[in-house]
A.B. asks: 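Below: one structure in structure tokens.
Treat the numbers as computed from the prediction; the structure is a model and nothing was measured.
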Amino acid sequence: NAISYSDKTVSSGNTYWYHVIASGAPSSNPSNVVSIEISLPPQLLDTKVPMIGSITDFVRQGNFGYVASGDKLIIVDFSNPSRQKIVGELAMAGAYSIAVKDSYVFVNYWQNSKQYLGAINISNSQAPVLEGSAEIPINLASNFLISENRLYVAQADARLTVVDIS
């Protein structure tokens with residue numbers, strides 16, 4: 001399994017909390033979102049949130065983490081680092097890249113061999129709702145970035161697409 005860095009939040013003083021993703025696990029084994037406290041010496045916290053299938057993207061905003069896990073969007077509550085837990089899910093076949101702005105998660109996903117961008121309302125983390133989606137001419141989004149009301153999509157074929165999300 002590969003470990004990929006995803007987010008850093010300063011906790012206090014010189015102690016940092018990192019949320020990392022263990023990905024690439026065989027589909028029969030769960031992947032995990034784990035927390036690591038970076039201090040002297042570094043130590044892996046004994047907390048994991050089991051995920052089934054591969055994790056393709058992870059974004060954290062405030063106390064919540066948003067995970068694209070192949071066939072769904074998963075919302076994880078990180079408010080208590082020693083008791084992280086899944087609080088919400090939304091089925092989304094082929095969920096791949098995600099970005100968060102305010103109370104929306106933007107996800108690119110596959111449906112009927114076509115790629116879509118979905119806007120998911122996460123104001124209630126326990127019951128996320130797909131409020132809208134549109135077929136988009138994106139060839140496997142590899143990274144999302146939001147700036148103001150624009151979603152920038154880096155594509156696997158070396159193209160950049162800009163989407164108005166206002």
A.B. asks: Quick one: OG on Ser147 to CD1 on Ile165, what's the gap to the nearest 0.5 Å?
C.D. replies: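 CD1 of Ile165 is found 9.5 Å from OG of Ser147.
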A.B. asks: Hey, can you tell me if Phe58 and Phe78 have their rings parallel, tilted or perpendicular (30° and 60° cut-offs)?
C.D. replies: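 Phe58 vs Phe78 ring planes: perpendicular.
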A.B. asks: So how far is it from Ile98 CD1 to Asp57 CG, rounded to the nearest 0.5 Å?
C.D. replies: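 It comes to 4.5 Å.
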A.B. asks: Check whether any side-chain heavy atom of Asn108 lies under 4.5 Å from a side-chain heavy atom of Val153, and answer yes or no.
C.D. replies: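 SC-SC contact between Asn108 and Val153 ruled out.
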A.B. asks: Who are the side chain to side chain donor-acceptor pair (under 3.5 Å) partners of Tyr66, not counting sequence neighbours?
C.D. replies: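 Side chain to side chain donor-acceptor pair (under 3.5 Å) list for Tyr66, sorted by chain: empty.
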A.B. asks: Just how far is it from atom OH of Tyr116 to atom CD of Gln111, taken to the nearest 0.5 Å?
C.D. replies: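 So the gap between those two atoms works out to 5.5 Å.
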A.B. asks: I'd like to check the side-chain contact (heavy atoms from CB on, under 4.5 Å) partners of Asn80; sequence neighbours left out, ordered by chain and number.
C.D. replies: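 In terms of side-chain contact (heavy atoms from CB on, under 4.5 Å), with neighbours along the sequence ignored, Asn80 is linked to Ser82, Arg83.
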A.B. asks: Tell me which pairs pass salt bridge (charged side-chain N to carboxylate O under 4.0 Å, His left out) where either residue lies in residues 86-104, with sequence neighbours left out.
C.D. replies: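 Listed once each, the pairs are Lys72-Glu89.
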A.B. asks: For residues 125-132, run the donor-acceptor check on the side chains, cut-off 3.5 Å, and write out each pair with its distance to 0.1 Å, sequence neighbours left out.
C.D. replies:
{"unit_1": "Glu131", "atom_1": "OE1", "unit_2": "Tyr104", "atom_2": "OH", "d": "2.7"}
{"unit_1": "Glu131", "atom_1": "OE2", "unit_2": "Asn121", "atom_2": "ND2", "d": "2.8"}

A.B. asks: So among Asp77, Ile74, Val76, which one has a side-chain contact (heavy atoms from CB on, under 4.5 Å) with Val87?
C.D. replies: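 Only one option passes, and that is Asp77.
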A.B. asks: Under the ring pair (Phe, Tyr, Trp, His ring centres under 6.0 Å) test, which residues partner Phe106, sequence neighbours left out?
C.D. replies: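 Ring pair (Phe, Tyr, Trp, His ring centres under 6.0 Å) check on Phe106 returns nothing, list empty.
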A.B. asks: Who passes side-chain contact (heavy atoms from CB on, under 4.5 Å) against Ser166, sequence neighbours left out?
C.D. replies: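 In terms of side-chain contact (heavy atoms from CB on, under 4.5 Å), with neighbours along the sequence ignored, Ser166 is linked to Asn149, Asp164.
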A.B. asks: With rounding to the nearest 0.5 Å, note down the distance linking OG in Ser79 to NZ in Lys85.
C.D. replies: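 Spacing of OG (Ser79) from NZ (Lys85) equals 7.0 Å.
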A.B. asks: Hey, are the side chains of Ile122 and Gln61 touching, using non-hydrogen atoms and a 4.5 Å cut-off?
C.D. replies: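 In short, these two side chains do not touch, never coming nearer than 4.5 Å.
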A.B. asks: Mind checking side-chain contact (heavy atoms from CB on, under 4.5 Å) for Ala99 and listing every partner two or more places apart, or none if nothing turns up?
C.D. replies: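 In terms of side-chain contact (heavy atoms from CB on, under 4.5 Å), with neighbours along the sequence ignored, Ala99 is linked to Phe144, Ile146, Leu151.
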A.B. asks: Restricting to non-hydrogen atoms, name the atom on Ala68 and the atom on Tyr96 that form the minimum distance, rounded to 0.1 Å.
C.D. replies: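 Taking every non-hydrogen atom into account, CB-O, 3.5 Å.
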A.B. asks: Is the side chain of Ser133 donor-acceptor paired with the backbone N or O of Gly118 at a distance under 3.5 Å, no angle test?
C.D. replies: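 No: the side chain of Ser133 does not pair with the backbone of Gly118.
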